[in-house]
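All figures in this text were calculated on a predicted structure; none of them were measured in a lab.
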Amino acid sequence: MVRYVPFTEPLPSCKPPKRPPLTAEEQEKYDKLLAHMQSIKELPISSDPNEKKTRPLDDQEQAWVTKECLLRYLRATKWKLADAQKRVEGSLIWRREYGVRELRPEYISPENATGKQVILGYDFASRPCLYLFPSRQNTDKSNRQIQHLVFSLERVIDFMPSGQENLALLIDFKSSTSSKNPSVTQGRQVLHILQTHYPERLGKALVINIPWFVWTFLKIIYPFIDPLTREKLVFSEPIDKYVPAEHLDSVFGGKSEFEYHHDKYWSAMCEIASEKHKRYMDRWSKLGGGIGLSEAALRAESEEEMQAELDRTETLEKEAEAAYLANEVPSDVPAQSSTLPDELLGNTKTADEAAADIDAAELVEKATGVSVEEQLSHVSLEDKNS
C-alpha cells in the first residue's frame, strides 16, 4: 500500500539503547551545570556584544533545557563544566537570534515542494529517520535552504519517542549533480550549526550512491567534522541493517512504498510534529515546569506511559550500572567503528589548515570564477570521466 505521510511511532520491537550510568564525577558536574542554569535570570537576545537587551527564559526555552540536554552538552565538551555552561547559554542565545521558533511551515514549504527532506519511520534504536535527497534540489542556494534544514531538525526532534534523543540521517545521492550539492561554505555553516547547537543529536548518518564530486566535497569538509560525528558516518552499506524494512523507504531497499506528494505530506508532518510538541509542553507544565526535567517523561503520551517509561529507565540504568561495574559494555550499546572509506583516508589536515585552504580558494574564486570545490579537488580527470 502506498504511503504518503510519516509514521508516528517506532515498531514495538525497536527500543532505544541503554546508556551507562553517570560516574560520581559526572554526576557532580551535571548537578553544578543544572544549578548554574537554574540560577540564570536573563540572557541576551543577541550574540552581538553591543546588544545590551536581555530577557528571561520563557516556558519553551526552559522546557528545552532538560536533563538530557545538559548531559548532551557535557558529553560534547568532554565534561568540561565551564565549556558546557558557555555552550548551553550560547545555544539559547543563538536560538533567539536565528529565530528557530519563528520558522513557520508556510515559509519553509516552498523549499520542500519536491520532497528533498522527508521524515519517515524509525530505525532499530527508535531513532526517527530524516531522509535527504540532494537530487530533488529545487531552489537556488540561499539562507532559507539552511533554515529548511534547521526546521527539519526541530521537527524530527518532535518525532523522537520517549527514551530516545538521537536521529538517523539517511542520504541518497543517486542522480545528484554537483550544481545541486551544497557549496563548501554552506557545508561549513551547516556543520557549525549541527555540532554547536545540536550536539549529540546524530545517532547514525547512512549515506548511499556517492558520486566522485561528493567524495571531493566530503574530503574538503572532513577536517571540520568532530571525531565523535565521524564515528557515526556509514557509507554504502545495506540500510536494512539499521532500519527495519517496514519503516524503510523502498528507495533504500525497504518495504515502505512511500511516495512524496507535497500537499499530502507537508501538512500531515507539521500537524503530527505540532501535536507531539504540544503534548511535550503539556507534560512539562503538569510536572511543574522549570529547568532539568527528563525528556523521557516529557515525551510520554500519557501519565501511565510516563510512569512506565520512568520505571523502564530505572531498570535499564540498574542493568547498565551492573554491567559498568563488571567492566562490560551493555549488549545494545554497539562499539563505534572508526574505519574510514578509502576516499577519505589520508586526509590528515586540521580544521585550521583546511579553513586556511578554503579561505584562500574563496579569494581565487572571486577573482577567477574557479569554484572552491574545483580548486581543492584531488580527484583525477579519469575519476571525473568514469
Side-chain angles (χ1 to χ4, degrees), residues 1-19 63 66 68-69 105 112 115 117-132 151-170 198 201-206 239-261 264-284 286-287 293-316 332:
M1 180 180 295
V2 176
R3 187 177 191 90
Y4 302 102
V5 299
F7 294 92
T8 59
E9 302 293 340
L11 293 172
S13 59
C14 298
K15 303 294 183 183
K18 304 173 186 178
R19 185 177 291 280
T66 60
E68 290 86 346
C69 173
N112 212 64
Q117 296 181 21
V118 174
I119 298 172
L120 181 70
Y122 295 79
D123 71 5
F124 284 115
S126 293
R127 304 180 189 104
C129 298
L130 175 60
Y131 292 77
L132 305 184
F151 181 86
S152 293
L153 287 171
E154 291 291 314
R155 301 293 76 75
V156 80
I157 289 170
D158 289 331
F159 272 76
M160 289 176 182
S162 182
Q164 180 55 267
E165 54 183 303
N166 300 140
L167 64 96
L169 195 62
L170 284 71
Y198 294 89
R201 280 299 195 184
L202 180 64
K204 283 289 181 185
L206 311 171
I239 307 302
D240 57 8
K241 289 173 55 178
Y242 302 93
V243 184
E246 296 87 342
H247 275 213
L248 181 62
D249 192 330
S250 58
V251 172
F252 282 76
K255 296 180 180 178
S256 178
E257 297 294 335
F258 178 81
E259 289 186 9
Y260 189 82
H261 291 264
K264 296 179 180 179
Y265 168 85
W266 187 251
S267 59
M269 183 278 290
C270 292
E271 184 177 349
I272 294 168
S274 179
E275 290 175 354
K276 286 179 176 291
H277 187 72
K278 181 180 183 302
R279 186 170 62 233
Y280 179 100
M281 290 305 301
D282 288 345
R283 180 72 57 194
W284 179 82
K286 289 178 180 178
L287 291 177
L293 293 181
S294 167
E295 288 177 15
L298 294 175
R299 297 198 187 285
E301 295 190 13
S302 66
E303 292 190 10
E304 291 77 11
E305 290 185 13
M306 178 195 72
Q307 189 58 53
E309 175 59 35
L310 292 176
D311 292 343
R312 188 183 74 85
T313 301
E314 183 180 0
T315 300
L316 291 177
D332 54 356

- Query: Short question: side chain of Asp240, backbone of Ala245 - any donor-acceptor pair under 3.5 Å?
  - Reply: no
- Task: Report the relative orientation of the aromatic rings in Tyr265 and Tyr260; use parallel for angles under 30°, tilted for 30 to 60°, perpendicular for over 60°.
- Result: tilted
- Donor-acceptor pair, Glu68 side chain versus Glu295 backbone, under 3.5 Å? yes
- Query: Can you check whether Arg127 reaches Arg201 side chain to side chain, under 4.5 Å on heavy atoms?
  - Reply: no
- Task: Scan for side-chain hydrogen bond (donor to acceptor under 3.5 Å, both in side chains) pairs involving residues 241-251, sequence neighbours excluded, and state none if there are none.
- Result: Glu237-Lys241, Glu237-Tyr242
- Task: State which residues pass side-chain hydrogen bond (donor to acceptor under 3.5 Å, both in side chains) with Glu9; sequence neighbours excluded, sorted by chain then number.
- Result: Lys276
- Message: Has Trp266 got a side-chain atom pairing as donor or acceptor with His261's backbone, closer than 3.5 angstrom?
- Response: no
- Are Phe258 and Tyr131 an aromatic pair by the rule of ring centers under 6.0 Å? no
- Closest heavy-atom pair and its distance - Pro6, Ile119: CB-O, 3.4 Å
- Check whether any side-chain heavy atom of Glu275 lies under 4.5 Å from a side-chain heavy atom of Thr8, and answer yes or no. no
- For Glu259, does its backbone N or O pair with a side-chain atom of Arg3 as donor and acceptor, under 3.5 Å? no
- Backbone N or O of Pro244 within a donor-acceptor pair of the Tyr122 side chain at under 3.5 Å? no
- Partners meeting side-chain hydrogen bond (donor to acceptor under 3.5 Å, both in side chains) with Asn166 (sequence neighbours left out): none
- Does the side chain of Leu167 reach to within under 4.5 Å of the side chain of Leu202, using non-hydrogen atoms? yes
- Is there side-chain contact between Ser13 and Phe124, with at least one heavy-atom pair below 4.5 Å? no
- Rounded to the nearest 0.5 angstrom, the OG-CG distance for Ser152 and Leu132 is 8.0 Å
- Task: Please determine if Arg155 forms a cation-pi arrangement with Phe151, meaning its NZ or CZ atom is less than 6.0 Å from the six-membered ring centre and no more than 45° off the ring axis.
- Result: yes
- Message: For Thr66 versus Ala63, what's the shortest heavy-atom pair and its separation?
- Response: CG2-O, 3.2 Å
- Item | Residue pair Arg279 / Arg299: nearest heavy atoms and the distance that separates them | NE-O, 4.5 Å
- Message: Nearest 0.5 Å, please: how far is CG in Leu298 from CZ in Arg283?
- Response: 8.0 Å
- Value rounded to 0.5 Å, distance of CZ in Phe159 from CD1 in Ile272: 4.5 Å
- Taking every heavy atom of Val156 against every heavy atom of Pro128, the minimum-distance pair comes out as O-CG, 3.5 Å
- Is any side-chain heavy atom of Glu257 less than 4.5 Å from a side-chain heavy atom of Met1? no
- Correct closest heavy-atom pair for Ala300 and Ser162 would be N-CB, 4.2 Å
- Query: Rounded to the nearest 0.5 Å, how far apart are CG of Leu130 and CG of Leu120?
  - Reply: 10.5 Å
- Item | Value rounded to 0.5 Å, distance of CD1 in Ile239 from NZ in Lys204 | 11.0 Å
- Task: State, to 0.1 Å, how close Val243 and Cys129 come at their nearest heavy-atom pair, and which atoms those are.
- Result: CG2-SG, 4.1 Å
- Task: Might you work through the salt bridge (charged side-chain N to carboxylate O under 4.0 Å, His left out) test for Lys278 and Asp282, ending with a clear yes or no?
- Result: CA-CA 6 Å; Lys278 181 180 183 302; Asp282 288 345; 3.0 Å; yes
- Stepwise, does the side chain to side chain donor-acceptor pair (under 3.5 Å) test hold for Ser126 with Gln164? CA-CA 7 Å; Ser126 293; Gln164 180 55 267; 5.8 Å; no
